[in-house]
Student: 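Okay, here's the structure, questions in a sec.
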Amino acid sequence: MKFAIQINQSPYTHQSPDTAYQFTLAALKSGHEIYRIFFYHDGVLNGSGFTTPPQDERNVVARWSELAEEYGIDLVICIAAAQRRGIMDADEAERHGHAASNLAAGFRLSGLGQLIEAGIEADRLLVFGG
Amino acid sequence: MKFAIQINQSPYTHQSPDTAYQFTLAALKSGHEIYRIFFYHDGVLNGSGFTTPPQDERNVVARWSELAEEYGIDLVICIAAAQRRGIMDADEAERHGHAASNLAAGFRLSGLGQLIEAGIEADRLLVFGG
Amino acid sequence: MLHIINKSPTNSPALKQCLKRAQQGSSILLMEDAAYALISKTEASSQIKQHMNRVSFYVLEPDIKARGIGEKIISGIQRIGYNDFVKLACSQHPVQSWF
Amino acid sequence: MLHIINKSPTNSPALKQCLKRAQQGSSILLMEDAAYALISKTEASSQIKQHMNRVSFYVLEPDIKARGIGEKIISGIQRIGYNDFVKLACSQHPVQSWF
Amino acid sequence: MPPQKKKFLFVNRKAPYGTIHAHEALEAILTGAAFEQRISILFLDDGVFPLLKEQNSGDIGLKDFSPTYNALSLYGVENIYVDEESLIERGIASDELSIKVELKTTKEVCLIMEQQDVIFNF
Amino acid sequence: MPPQKKKFLFVNRKAPYGTIHAHEALEAILTGAAFEQRISILFLDDGVFPLLKEQNSGDIGLKDFSPTYNALSLYGVENIYVDEESLIERGIASDELSIKVELKTTKEVCLIMEQQDVIFNF
């Protein structure tokens, strides 16, 4: 089955990105497809590449990047939501005169159309947190 | 009167940083002192320097920076909370091998002791959002 | 003392939890989505009415205006601006925020 | 269809709002802080009991364990892991998350 | 053969201004309306608050996005539903809403949800 | 003459894990305890949940911070209060809590709040 996932809340502050991760991992290991994970609202902070939690805590951001690398899943950060929350890819950073991007590896910025399209293409949409 | 302010929530997603700003501005204009504003939990995102909201919306982050410059107020971001949420000053960025800091102008990173000390020194502590 | 509530009464128990603990003579400021608690003929506003003889209620007028509920709220509430909020915080202490 | 709730019943109306709308034959998954709704002898768990004859209730066991309430919850609830959550999402549709 | 259109329901359950969810939900709905699916919107629980007339958010410094709801009908949104019980609980009469909506009973709301292919939650 | 100590109250009103507030509140309290003020802690509403025994958060992937509550008494925290009504509403008996606390009635909780110099909210 083909799943689309929407994540609305910031990592660490809320458990919902953790639950979404556990769901995604279980789905992939059971042989299902994750068509896309769309990060909206404060959920865009899941792609904040400067995140450096204490060493005895899980790294929510790095965990997504590793999942994307291992399973090739599409991690899309809503660009409008990201601009309001200070997440930039290299293009955006250059355009605004910053010396570096803070988008974590494996994520890409794109528009809300990616959420709608995931709703069309996937068999199920699950929304985590809010 | 000497006020200490604690801000717990992310800008844009929550109105509480806006209300805290309006309170702070009104207090300063009435001749009161703002001893310190301490940003905790997702409130640390108020100091996210890459924030670029749509042009027809207020810029919450820039507004704090301007207030700090005009009135010389002390904007302190909790360093432990900031590490979990991807906010870094120049020292931290260098230490973790990033080409740029994303801490907005006028903010500084420091420990939770700054919140406690503000509670000791100020006449009032107001906590916004949660 | 001063109690501050910023959550909608139909989306959070904060108002009820505050009213249960607010002592005689204390003040309660409703702001942000808590302003909806003042709409007349609702469960929240009737609870507030029951406490009006022992607690002073305030609401931020800018929040009332933003939400388009200026004509809908119960009487007996002091509608204040940010400057009055500062004065309120000066005159009361300590401050407990319920969120 | 599948309803998902992730908020504490004593800090959010999500459970009540969901129960009011869940149709006969639908499923409700309680996860994260919504797991507290299953503690026996509480208002939330007695509301859930009233709906058990027409709605199937599930809870994520990892959330029960994390919160130390494994011995305190009412019977008749299917305690599942993340793999079963995936199966549940496959078998039900659409999905409404109440938060 | 073009792919079959899906039934999309956008469920709004949050008040405006206190959080950005109602505002960002509207951005998602307007985007969704461009995809030529069968789009319905449901305003439920605190989600009815953004529909109140005469909002003026200048003094809190936030953008008043409520006029944008008027655009929904132009964008080809098929159905705009409001849960009647949510209005009553919040002391709101249907003529106080800024746009034309279909009022639905709790039972109808349940059925509307069940009949969707995809539900977007805000 | 050293400055007078202030009466600090840390109010915990959130459940653990679902949000980080209980965890980060504890970090603030431990910091506060080092400042030699008169520190009290109140566990109120959902804030009583973090005190439950036998938490094991390994399977959700989060750190179990509940053992740290044991350190509070070592840090010189004067009073650890729990609102009794909050326990009852949540189906929790006082012997199910992981640390020794003072149970307080609603009336006592109100008075405790009123008597503080500063309240930290979490």
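Every chain is numbered from 1 and lettered A, B, ... according to where its sequence line falls, protein lines coming before strand lines.
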Student: Identify the heavy atoms of A:D56 and F:K63 that sit nearest to each other, and give their distance.
Tutor: OD2-NZ, 2.6 Å
Student: Would you say NZ of A:K29 has more than 12 non-hydrogen atoms from neighbouring residues, nucleotides or ligands within 6.0 angstrom?
Tutor: no
Student: Using a cut-off of 6.0 Å, state whether more than 12 heavy atoms not belonging to F:E108 lie near its atom CD.
Tutor: yes
Student: Where does A:D18 contact chain F at under 4.5 Å (heavy atoms): side chain, backbone, both or neither?
Tutor: side chain
Student: More than 12 heavy atoms of other residues, nucleotides or ligands under 6.0 Å from CD of F:E102: yes or no?
Tutor: yes
Student: Measuring only between side-chain heavy atoms, which start at C-beta, is A:E57 closer than 4.5 Å to F:L62?
Tutor: no
Student: For A:E94, does the CD atom sit with more than 12 other heavy atoms under 6.0 Å from it, leaving out its own atoms?
Tutor: no
Student: Looking only at heavy atoms and a cut-off of under 4.5 Å, which of A:H14, A:R63, A:Q9 has the most pairs with chain F?
Tutor: A:H14
